[in-house]
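Each ligand, and each atom within it, is numbered from 1 in the order the structure gives.
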Amino acid sequence: MLLASGMCASIVMMLALVPAGGHIVTTTDCYRKTRMFIENFLPKMGIKATVIDPADIEGLKSALNENNVTLFFTESPTNPFLRCVDIKLVTELCHEKGTLVCIDGTFASPLNQKALALGADLVVHSMTKFIGGHNDVLGGCISGSQKLISVIRNMHHILGGTLNPNAAYLMIRGMKTLHLRVQQQNTTAMRMAEVLEAHPKVKCVYYPGLPSHPEHELAKKQMTGFGGVVSFEIDGDLNTTIKFVDALKIAYIAPSFGGCESIVDQPAIMSYWDLSQSERLKYGIKDNLIRFSFGVEDFEDLKADILQALEAI
Ligand SMILES: *Cc1c(COP(=O)(O)O)cnc(C)c1O
Ligand SMILES: *[C@@H]1O[C@H](CO)[C@@H](O)[C@H](O)[C@H]1NC(C)=O
Ligand SMILES: *[C@@H]1O[C@H](CO)[C@@H](O)[C@H](O)[C@H]1NC(C)=O
Ligand SMILES: *[C@@H]1O[C@H](CO)[C@@H](O)[C@H](O)[C@H]1NC(C)=O
């Protein structure tokens, strides 16, 4: 089922499936607007959320035991730390209790991870990212059984948020090169993650393809590639990090990812600009955090650009 945006897809899915007064489980690291909907709007319908760490299986078990949980909804990999959830395991646990599992697979793209095959009931993608692939169109999609999609479709017809015909055309066009783009992005991101991890001016790198990632073994099992987004922390403060971003010549400074053009995002002053430093830190967003989406540019050009920007700080 196609919708006007990724947010439209997640919200329609939750509104359609979770009854008033119901309970959902979600994870800590998360696309900010999804978290805002869960924290600020679901309570208006009496819907409560238990928020667990992506690896906290015991937390999931007790949430399932203590509440009548309709839905477990999580990203995998998550934003921006690319944490991975054991989709097969959580699905088994949830299904024992009659709880539905929906995975937001946007960061993986549909090529690197097949959550339905791993057991999930539903998969949501922001098509704005890898599927559209050109940083020029918004869209969202939901995949699952006809039974569940029919329920969601009824809600979608009430809420609106239809994918417009020109956007649909751009999605079809984008998808023709999805496998080529993702292959290149997989490779570039993996190689750059290694370069960054070895660099003295980089404190820390978050990428599921790296052995240092907490879910590396799991990611190897449930993904065929680790995607085009790498998050990392510069060895420096807010201003040093701003200097690094401004010194880059190839990447655009923008909040999206997954397209042909590389994009760089400093969450502290972009997606989390309205929060104070201590409020941001509650979500683990440090001043020196960078989320880098590798596009399809030449690897050597991207590497040279990032290295010169690190030299400049
Ligand atoms: C971008 C994104 C969304 C929202 O998608 P839009 O198409 O921008 O509305 C939801 N979830 C994740 C993980 C995303 O990256
Ligand atoms: C649990 O919630 C579902 C709706 O998600 C409802 O159909 C069911 O009756 C509830 N079960 C209990 C024991 O409250
Ligand atoms: C992503 O890249 C990895 C490693 O290069 C590769 O094994 C995998 O098949 C790629 N996936 C796609 C869809 O290209
Ligand atoms: C960062 O730069 C701004 C603008 O140049 C300046 O006002 C501020 O004091 C700097 N902060 C630190 C911690 O250096």
Side-chain angles (χ1 to χ4, degrees), residues 2-14 16-27 29-38 45-48 54 64-85 94 97-100 102-110 113 115 121 123-133 135-142 148 151 161 163 167 170-171 174 227-229 231 236-243 245-246 254-259 263 265-271 277 287-288 291 293 313:
L2 306 180
L3 308 90
S5 67
M7 281 318 300
C8 183
S10 313
I11 287 178
V12 168
M13 182 277 298
M14 285 187 267
L17 298 179
V18 188
H23 200 108
I24 72 167
V25 177
T26 183
T27 51
D29 190 33
C30 176
Y31 188 72
R32 186 161 177 225
K33 299 284 147 77
T34 307
R35 173 164 46 225
M36 287 166 111
F37 179 74
I38 291 170
M45 285 155 275
I47 298 169
K48 293 202 178 80
L64 291 170
N65 283 332
E66 286 158 23
N67 308 281
N68 184 7
V69 180
T70 311
L71 176 72
F72 176 56
F73 179 40
T74 182
E75 291 160 24
S76 190
T78 60
N79 177 53
F81 295 110
L82 302 150
R83 300 288 306 279
C84 300
V85 173
C94 286
K97 300 283 178 181
T99 300
L100 294 170
C102 179
I103 303 294
D104 180 339
T106 302
F107 273 82
S109 87
Q113 177 177 278
D121 300 283
V123 174
V124 168
H125 283 276
S126 165
M127 299 173 81
T128 310
K129 315 294 166 51
F130 290 98
I131 297 177
N135 295 318
D136 60 0
V137 59
L138 298 174
C141 62
I142 312 177
L148 287 173
V151 176
L163 188 72
L170 289 172
M171 290 300 175
V229 181
S231 296
D237 62 7
L238 186 77
N239 282 357
T240 317
T241 309
I242 290 174
K243 212 169 156 197
V245 170
D246 286 341
S256 195
F257 62 88
I263 280 186
D265 178 330
Q266 186 177 354
I269 55 165
M270 292 169 66
S271 22
Q277 190 186 47
D287 290 345
N288 59 350
R291 189 185 74 185
S293 170
I313 61 176

Notebook entry, point to check: Does the Glu75 side chain pair with the main chain of Tyr31, one donor and one acceptor, at a distance under 3.5 Å?
Noted result: yes
Note to self: Does ligand 1 come near enough to Cys8 that some N or O of the ligand is less than 3.5 Å from an N or O of the residue?
What the structure shows: no
Check: So, does Thr99 use its side chain to make a donor-acceptor pair with the main chain of Val69 at under 3.5 Å?
Finding: yes
Check: With a 3.5 Å cut-off and no angle check, do the side chains of Ser126 and Thr106 form a donor-acceptor pair?
Finding: no
Check: Which protein heavy atom lies closest to atom 11 (N) of ligand 2, and at what distance to 0.1 Å?
Finding: Asn68 ND2, 2.8 Å
Check: Going by the atom numbers of ligand 1, which of them fall below 4.0 Å from some non-hydrogen atom of Ser5?
Finding: 7 (O), 9 (O)
Note to self: Is atom 7 (O) of ligand 4 touching the protein, meaning some protein heavy atom lies under 4.0 Å away?
What the structure shows: no
Item checked: Atom indices of ligand 1, in the order listed, that fall short of 4.0 Å to a heavy atom of Met7 -> 4 (C), 5 (O), 6 (P), 9 (O)
Item checked: Taking atom 14 (C) of ligand 1 as the reference point, the nearest protein heavy atom with its distance -> Lys129 NZ, 3.0 Å
Item checked: Exercise check, heavy-atom protein proximity under 4.0 Å to atom 2 (O) of ligand 4 -> yes
Next item on the list: Please report the closest heavy-atom contact between Gly236 and Asn288, naming both atoms and the distance.
Entry: O-CB, 3.3 Å
Checklist line | atom 5 (O) of ligand 2: the protein heavy-atom neighbour that sits closest, reported with distance to 0.1 Å | finding: Thr70 OG1, 3.2 Å
Notebook entry, point to check: Please state which protein non-hydrogen atom is closest to atom 13 (C) of ligand 4 and give its distance, to 0.1 Å?
Noted result: Asp237 OD2, 4.1 Å
Note to self: Using a 3.5 Å cut-off on N or O atoms only, is Asp104 in polar contact with ligand 1?
What the structure shows: yes
Item checked: Proximity winner for atom 3 (C) of ligand 1, if only heavy atoms of Phe107, Tyr31, Phe130, Phe257 are counted -> Tyr31
Next item on the list: Measure from the side-chain N and O atoms of Arg291 to the backbone N and O of Pro255, and report whether any donor-acceptor pair falls under 3.5 Å.
Entry: yes
Next item on the list: Indicate, as side chain, backbone, both or neither, the part of Glu75 found under 4.0 angstrom from ligand 1 when only non-hydrogen atoms are considered.
Entry: side chain
Item checked: Whether Asp29 side chain and Phe81 backbone form a donor-acceptor pair below 3.5 Å -> yes
Notebook entry, point to check: Does the side chain of Gln113 come within less than 4.5 Å of Phe107's, by heavy atoms?
Noted result: no
Next item on the list: Determine the minimum heavy-atom distance between Phe130 and Gly228, stating which atoms define it.
Entry: CZ-N, 3.8 Å
Check: Name the one of Asp121, Val85, Leu64 that satisfies side chain to side chain contact (heavy atoms under 4.5 Å, CB included) with Phe72?
Finding: Val85
Next item on the list: Please indicate whether any nitrogen or oxygen in Asn239 is less than 3.5 Å from any nitrogen or oxygen in ligand 4.
Entry: yes
Check: If you take all heavy atoms of Val124 and Ala9, which pair is closest and at what distance?
Finding: CG1-CB, 4.0 Å
Checklist line | For Pro19, the ligand 2 atoms whose distance to one of its heavy atoms is below 4.0 Å | finding: 4 (C), 5 (O)
Note to self: Any heavy-atom pair between the side chains of Lys97 and Asn65 that's under 4.5 Å?
What the structure shows: yes
Check: Short N/O distance, under 3.5 Å, between Ser126 and ligand 1?
Finding: yes
Margin query: Could you identify the single nearest non-hydrogen protein atom to atom 7 (O) of ligand 1 and state the distance to 0.1 Å?
Written below: Thr128 OG1, 2.5 Å
Check: Which atoms of ligand 1 have any heavy atom of Gly139 under 4.0 Å away?
Finding: 7 (O)
